[in-house]
S.K.: 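I'd like to ask you about the structure that follows.
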Amino acid sequence: MEHLCNGHSEADIWGRKLALNDDILMSIEKPARYIGGEYNAVLKTPDKVDIRFAFCFPDVYEIGMSHLGLQILYDAFNSMDDVWCERVFSPWVDLDAVMRKEHIPLFALESQDPVREFDFLGITIQYEMCYTNILQILDLSQIPFLAENRTGEHPIVIGGGPGGYVAAIRAAQLGAKVTVIEKEFLGGTCLNIGCIPTKCLLHSAELLEEIRNQGKEIGVKTSGVSVNFTQVMAHKNAISARLTSGVAGLLRMNKITKVDGTAAFTGPKILEVTKADGTKESMTADAIIVAAGSVNAVPPIPGVKENPCCIDSTGALSLEKIPESMVIIGGGVIGIELACAYAAFGTKITVVEARDFILPMLDGDITAVGVAHMKKMGIAFCLECSVQSIEESPAGARVVCTDKTGDTVSFEAEKVLVAVGRRANTDALNLDAAGLRNDRGRILVNEKMETNVPGVYAIGDCVFGRAQLAHAASAMGEAAAENIMGLDAVYDEKTNPACVYMMPEAASVGLTEEKCREKGIDYKVGKFPMAANGKALIINGGEGMVKIIADAKYGEVLGMHIIGPRATDLICEGALAIRLEATTEELITTIHSHPTVTETMREAALHLEGRAIHTGNK
């Protein structure tokens with residue numbers, strides 16, 4: 001019987017129909033690949049019987065070959081502990097390991113005939129027949145076109161944040177022996193001084209707002225509601241500690257080595273690591289993933305560094321008491337989320353923004369709803385207002401600005417939160433020694449997260465031109481790890497949601513109306529108010545909306561934008577729709593459970609098609 005793999009590359013084989021003899025035809029099918037997906041080989045026999053071989057191991061390009069009479073036992077995977085192979089022979093199979101069942105079975109075969117051998121990936125596998133045989137591939141590096149694509153078996157990951165630790169785990173899953181170098185704490189900014197701590201404060205603030213503003217209406221009677229700020233911070237710290245310890249456990253589970261220290265390049269793939277005890281060690285690796293993250297940017301405003309009342313987001317998450325007043329410089333996600341939290345706690349908030357709008361990642365209609373709510377909370381906005389300096393004042397600090405008319409205006413506050421964005425945390429990495437191309441410290445990468453230096457990858461906040469979000473960093477990390485280990489993965493940002501945990505929370509994925517007009521796309525818009533949704537009415541009185549943007553010709557979903565209850569949870573339906581190139585008709589024909597806020601997305605799609613049920617169609 002002919003060997004399918006001999007003389008063929010992977011690209012040669014997929015999609016071809018290979019004649020084994022005059023009567024038997026084998027076609028190799030490769031569906032759209034995703035990690036954990038299936039590859040199918042269909043063996044067509046003279047009597048038109050199809051025998052399908054399903055291979056479910058994520059990092060092997062499998063091509064199966066078997067004699068007639070063999071078939072896959074799909075249910076064998078549910079009883080692996082009860083079946084095993086008597087004998088397996090090949091130059092690279094460890095028979096003892098098979099007996100110990102240490103490796104993941106690829107597939108099970110059953111036959112009525114005493115078949116003794118068949119060809120798999122160009123290797124003849126012989127075995128003695130038992131009723132069910134579990135065949136195991138033990139050394140993945142021996143598989144020809146997987147081994148050719150691997151960059152390294154011993155990668156080093158610089159940084160243990162959401163990008164770094166996820167990349168390390170994914171590489172370990174694929175057989176790598178991974179080392180993570182972390183200079184401060186696992187979980188990075190997100191788990192320790194960013195996403196998670198901020199959401200803890202916001203959860204306390206939202207609960208406080210609900211009791212104050214909705215409690216009487218829904219029959220919850222309270223008296224003397226107040227904030228125990230010490231406990232707010234204790235809760236935040238406890239959640240962060242639990243999550244970071246969980247990351248440490250995941251690294252141990254995946255046999256990943258953690259080194260406490262600071263890494264710097266001394267050559268293209270050479271690092272000098274300064275450990276916690278001050279000792280230095282030179283480390284090399286087959287591949288390196290730079291996942292250094294980002295730090296708060298400090299603008300060149302006179303007085304910002306000198307005045308102790310000026311804080312960044314880290315400082316705002318570690319205050320010992322609630323300030324009476326706060327000026328927030330910057331109308332981005334960080335500034336707005338903390339504005340909502342502290343406004344709910346009772347702080348007088350003024351947001352100063354140089355542009356004429358806030359939250360540029362959101363659709364304009366969504367932002368307008370958010371701004372209206374924040375103004376009801378007592379948050380003041382001064383847009384088109386450029387900060388000139390920060391001075392001392394009896395209150396703590398005075399922020400001196402120039403407004404859009406050119407006049408000088410100033411705002412006094414106990415604290416000044418500087419939230420003008422973040423910059424790549426690469427100053428100490430010595431990128432020039434590695435020859436890594438960068439833009440002011442932001443490392444340039446392609447869609448595979450490869451840098452200009454072979455074997456060196458970069459992910460997350462420290463790369464140029466990608467979203468600075470924890471979930472984006474994790475996706476980049478998985479792509480980098482898979483490429484290192486021989487797979488073909490890319491990072492595609494079109495399904496990356498942007499979430500703002502303000503009050504009410506907002507989320508966006510895909511194109512906004514502004515972007516569609518900029519690109520010259522012919523589009524349609526559907527909207528649905530939360531006020532017409534029963535569950536939203538119950539949760540927050542029906543404040544908010546859903547907006548869907550679709551291609552005018554085919555109805556393909558191009559963007560989804562939500563503000564209201566559960567927005568940051570709901571947005572993934574929009575991301576999936578974009579990923580699958582779904583149409584509004586497909587959203588409509590998908591039954592959404594009632595009563596839920598998810599119904600608003602179907603209703604918005606109905607509105608776009610002029611078929612709205614629970615609102616008008618204008």
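Count residues from 1 along the sequence. Note that this is a predicted model, so its numbers are computed, not measured. These numbers come from the heavy atoms of this one structure, side chains and all, not from hydrogens, waters or symmetry mates.
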S.K.: Is the shortest heavy-atom distance from the side chain of M374 to the side chain of I358 under 4.5 Å?
M.R.: yes
S.K.: Are any side-chain N or O atoms of N254 and backbone N or O atoms of I256, one a donor and one an acceptor, separated by less than 3.5 Å?
M.R.: no
S.K.: Do NZ/NE/NH1/NH2 and the carboxylate oxygens of R566 and D569 come within less than 4.0 Å?
M.R.: no
S.K.: Ignoring hydrogens and geometry, is there a side-chain-to-backbone donor-acceptor pair from E412 to R398 under 3.5 Å?
M.R.: no
S.K.: Does the side chain to side chain contact (heavy atoms under 4.5 Å, CB included) test come out yes or no for L383 and F357, once each step is laid out?
M.R.: CA-CA 7 Å; L383 305 181; F357 59 91; 5.5 Å; no
S.K.: Will you find, in the side chains of E505 and T568, an N or O donor that is under 3.5 Å from an N or O acceptor?
M.R.: yes
S.K.: Are T426 and N438 side-chain neighbours, meaning at least one heavy-atom pair lies under 4.5 Å?
M.R.: no
S.K.: So which atom in G331 and which in I336 form the shortest heavy-atom distance, rounded to 0.1 Å?
M.R.: O-CG1, 3.7 Å
S.K.: CD1 of I484 to CZ of R170: how many Å apart, nearest 0.5 Å?
M.R.: 12.0 Å
S.K.: Looking only at side chains, do S508 and D363 share a donor and an acceptor under 3.5 Å apart?
M.R.: no
S.K.: Taking the side chain from N307 and the backbone from G303, do they hold a donor-acceptor pair closer than 3.5 Å?
M.R.: no
S.K.: How close do Y165 and P162 get, counting heavy atoms only, and between which atoms?
M.R.: CE2-CA, 3.7 Å
S.K.: Tell me whether N452 contacts the main-chain N or O of G435 through its side chain, where contact means a donor paired with an acceptor under 3.5 Å.
M.R.: yes
S.K.: Please give me the minimum heavy-atom distance between V409 and C385, naming the atom from each residue.
M.R.: CG2-SG, 3.9 Å
S.K.: Do D365 and H561 have side-chain N/O donor and acceptor atoms under 3.5 Å apart?
M.R.: no
S.K.: Using a 4.5 Å cut-off on heavy atoms from C-beta on, say whether the side chain of V247 contacts that of L243.
M.R.: no
S.K.: Using only atom types and a distance under 3.5 Å, with no angle test, would you say the side chain of E182 pairs donor to acceptor with the backbone of F185?
M.R.: yes
S.K.: With heavy-atom distances below 4.5 Å as the criterion, would you say the side chains of L338 and L317 are in contact?
M.R.: yes
S.K.: With a 6.0 Å cut-off (strictly less than), is the heavy-atom count around CD of E306, excluding the residue itself, greater than 12?
M.R.: yes
S.K.: Would you mind reporting whether V352 and V327 have side-chain heavy atoms less than 4.5 Å apart?
M.R.: yes
S.K.: Please check: side-chain N/O of Q388 versus main-chain N/O of V400, any donor-acceptor pairing under 3.5 Å?
M.R.: no
S.K.: Which heavy atom in M361 sits nearest to a heavy atom in A498, and how many Å separate them?
M.R.: CG-CB, 3.9 Å
S.K.: Between L319 and I311, is the side chain to side chain contact (heavy atoms under 4.5 Å, CB included) condition met? List the steps.
M.R.: CA-CA 10 Å; L319 293 174; I311 58 175; 4.3 Å; yes
S.K.: Could you please spell out the steps behind the side chain to side chain contact (heavy atoms under 4.5 Å, CB included) verdict for V259 and V273?
M.R.: CA-CA 9 Å; V259 175; V273 180; 4.1 Å; yes
S.K.: Are the side chain of T350 and the backbone N or O of A380 linked by a donor-acceptor pair below 3.5 Å?
M.R.: no
S.K.: If you define the side chain from C-beta out and look only at heavy atoms, does anything of K547 sit under 4.5 Å from M560?
M.R.: no
S.K.: Going by atom types alone, do N296 and R422 pair a side-chain donor with an acceptor below 3.5 Å?
M.R.: yes
S.K.: Any salt bridge linking D488 with K448? Criterion: basic side-chain nitrogen under 4.0 Å from a carboxylate oxygen.
M.R.: yes
S.K.: Would you check, one step at a time, whether the test side chain to side chain contact (heavy atoms under 4.5 Å, CB included) holds for N483 with Y457?
M.R.: CA-CA 10 Å; N483 286 314; Y457 297 71; 4.0 Å; yes
S.K.: When rounded to the nearest 0.5 angstrom, what distance separates CD in E556 from CD1 in I578?
M.R.: 9.0 Å
S.K.: Atom CE in M476, atom CG in L469: separation rounded to 0.5 Å?
M.R.: 8.0 Å
S.K.: Return yes if some donor-acceptor pair links the side-chain N/O of N430 with the main-chain N/O of F265 below 3.5 Å, else return no.
M.R.: yes
S.K.: Which residue pairs pass the side-chain hydrogen bond (donor to acceptor under 3.5 Å, both in side chains) test when at least one of the two sits in residues 235-246, sequence neighbours left out?
M.R.: none
S.K.: When you compare the side chain of V509 with that of R579, does any pair of heavy atoms fall below 4.5 Å?
M.R.: no
S.K.: Write down the atom of A567, the atom of A507, and the distance for their closest heavy-atom approach.
M.R.: O-CB, 3.6 Å
S.K.: Apply salt bridge (charged side-chain N to carboxylate O under 4.0 Å, His left out) to K275 and list each qualifying residue two or more places apart in sequence or on a separate chain.
M.R.: E281
S.K.: Picking from I181, V180, I169, I459, what satisfies side chain to side chain contact (heavy atoms under 4.5 Å, CB included) with V157?
M.R.: V180
S.K.: Please report the interatomic distance CZ(R437) to CG(D439), rounded to the nearest 0.5 Å.
M.R.: 10.0 Å
S.K.: Can you find a heavy atom in the side chain of L429 that is under 4.5 Å from one in the side chain of V290?
M.R.: yes
S.K.: Is the number of heavy atoms from other residues, nucleotides or ligands under 6.0 Å of H471 NE2 greater than 12?
M.R.: yes
S.K.: Using every non-hydrogen atom in the two residues, find where A470 and C190 come nearest and quote the distance to one decimal.
M.R.: CB-SG, 3.9 Å
S.K.: Rounded to the nearest 0.5 Å, what's the gap from CD on E353 to SG on C401? Could you check?
M.R.: 11.0 Å
S.K.: Working to the nearest 0.5 angstrom, can you tell me the gap between I288 CD1 and D286 CG?
M.R.: 10.0 Å
S.K.: Does one side chain, of Y491 or R466, offer a donor that lies under 3.5 Å from an acceptor on the other?
M.R.: no
S.K.: Counting only heavy atoms from other residues, nucleotides and ligands, does the tally under 6.0 Å from NZ of K515 exceed 12?
M.R.: no
S.K.: Does atom CD of E392 have more than 12 heavy-atom neighbours, drawn from other residues, nucleotides or ligands, at distances under 6.0 Å?
M.R.: no
S.K.: Keeping the roles fixed (side chain from T347, backbone from A343), state whether a donor-acceptor pair exists under 3.5 Å.
M.R.: no
S.K.: Do side-chain atoms of N192 reach the backbone of L186 as a donor and acceptor pair under 3.5 angstrom?
M.R.: yes
